[in-house]
Structures are given as C-alpha cells and as structure tokens.
Amino acid sequence: MDESRPIFIQIAEQVENDIIEGSLPEGSQIPSTNEFAAFLRVNPATALKGVNRLVDDGIVEKRRGIGMFVIAGARQRLIERRRAEFAAEYIRPLIIEAEKLGIDIDELAGLLRAERIQS
C-alpha cells in the first residue's frame with residue numbers, strides 16, 4: 001500500500017485495475033469488505049468506503065445477501081475514464097511543453113516512438 005494516498009482509494013483503484021486487466025470480468029463477484037480488511041489489515045469501514053466508491057461510480061452493484069458484482073460495461077467505462085484522465089494529466093501538458101520548445105506534433109510522435117523502442 002502507498003502511504004501517501006488514502007487506503008480506500010487504493011482499494012477502489014486495485015479493483016478497477018483488476019477489472020481493466022480482466023482478472024475481475026463483468027458479472028464476477030469482488031472480494032467482500034471483510035476479505036479486503038483481513039487481507040490488507042485495515043478497518044472494515046475503510047474497505048467499505050473503497051467499495052462504496054465503486055458503487056457510486058457505477059462499477060459494481062450490491063446484490064442483497066450475495067455480495068458485490070462487477071456491472072456489465074464497467075470495463076469499457078473505466079477504460080474511457082482512464083483515457084480521459086491520461087490525456088488531461090499527461091498528454092495535454094506534454095503538448096503544451098512541446099509547443100514551448102518548438103516541437104511539432106510529427107516530431108513529438110517520432111520522439112515518443114523512439115522512446116518506446118528504447119524502453
């Protein structure tokens with residue numbers, strides 16, 4: 001766990017990552033708040049707060065007496081949201097800095113390709 005960020009957010013993000021990666025497919029049950037709490041050694045209320053964030057975001061739904069399940073379409077919604085966040089957090093600032101340095105889009109694309117080959 002990353003101590004610089006709230007645990008409940010990290011729990012929600014881990015479930016989101018598992019959905020995006022496919023290890024938690026749509027329709028599958030996510031771990032219970034008690035399972036999260038025991039595994040991560042956190043207060044069950046903290047785990048519940050993370051799961052409730054997923055419910056509020058329309059990623060999982062509660063089935064009374066059964067548990068929490070990944071909603072159909074959740075993976076695509078998460079990917080779309082993460083792409084938008086990626087663009088805002090990384091791409092827009094990159095383009096702004098490139099423009100300051102006189103780097104046009106084609107040159108920037110070339111730099112990105114070259115960097116990808118090196119990594």
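- Here the closest heavy-atom approach between residue Gly50 and residue Ala12 is recorded as O-CB, 3.6 Å.
- Hydrophobic clustering keeps Val15 apart from Ile66 (ILVMFWY residues linked when any side-chain heavy atoms are closer than 4.5 Å, directly or through intermediates).
- Between the CG atom of Leu54 and the CD atom of Glu16 there is a distance of 5.5 Å, given to the nearest 0.5 Å.
- In plain terms, the two heavy atoms of Ala47 and Ala37 that are nearest each other are CB-N, 4.1 Å.
- Taken to the nearest 0.5 Å, the CZ atom of Phe36 stands 13.0 Å off from the CD1 atom of Ile7.
- Contact of the Phe69 side chain with the Ile30 side chain is not registered, since no non-hydrogen atoms from C-beta on lie closer than 4.5 Å.
- Note: Ser28 OG to Met68 CE = 13.5 Å, rounded to the nearest 0.5 Å.
- Linking ILVMFWY side-chain heavy atoms closer than 4.5 Å, directly or via other members, places Ile11 and Phe39 in a single hydrophobic cluster.
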Could you walk me through whether Glu21 and Asn17 satisfy the side chain to side chain donor-acceptor pair (under 3.5 Å) test, starting with their C-alpha distance in whole Å, then the side-chain angles of each, then the deciding distance to 0.1 Å, before giving a yes or no?
CA-CA 6 Å; Glu21 293 167 359; Asn17 289 339; 5.5 Å; no
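- Taken together through direct or relayed side-chain contacts under 4.5 Å among Ile, Leu, Val, Met, Phe, Trp and Tyr, Tyr90 and Ile20 form parts of separate hydrophobic clusters.
- Each of Arg75, Arg82, Arg77 was compared with Ile79 under the side chain to side chain contact (heavy atoms under 4.5 Å, CB included) criterion, and only Arg75 meets it.
- Between Pro93 and Ala88, the shortest heavy-atom contact is CD-O, 3.4 Å.
- Across all their heavy atoms, Glu35 and Ser32 have their closest contact at OE1-N, 2.7 Å.
- The CG atom of Leu108 lies 11.0 Å from the CD atom of Glu97; values are rounded to the nearest 0.5 Å.
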Could you go through the side chain to side chain donor-acceptor pair (under 3.5 Å) check for Glu80 and Gln76 one step at a time?
CA-CA 6 Å; Glu80 289 170 5; Gln76 189 59 40; 3.3 Å; yes
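- To the nearest 0.5 Å, atom CD of residue Gln14 and atom CG of residue Leu24 are 9.0 Å apart.
- Side-chain contact check for Ile96 versus Lys100: some heavy-atom pair is nearer than 4.5 Å.
- Residues Leu78 and Arg81 are in side-chain contact: their nearest non-hydrogen atoms beyond the backbone lie under 4.5 Å apart.
- Both Leu101 and Leu94 are members of a single hydrophobic cluster when ILVMFWY side chains are connected at heavy-atom separations under 4.5 Å.
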Which side-chain N or O atoms in residues 55-64 pair as donor and acceptor under 3.5 Å with protein atoms at least two apart or in another chain?
residue, atom, partner, partner atom, Å
Glu61, OE2, Arg63, NE, 3.4
Glu61, OE2, Arg63, NH2, 3.3

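- Side-chain heavy atoms closer than 4.5 Å link hydrophobic residues (I, L, V, M, F, W, Y) into clusters, and following such links, even through other members, never connects Ile117 to Leu111.
- By the 4.5 Å side-chain criterion applied to Ile, Leu, Val, Met, Phe, Trp and Tyr, Phe8 is assigned to a cluster that also includes Ile9.
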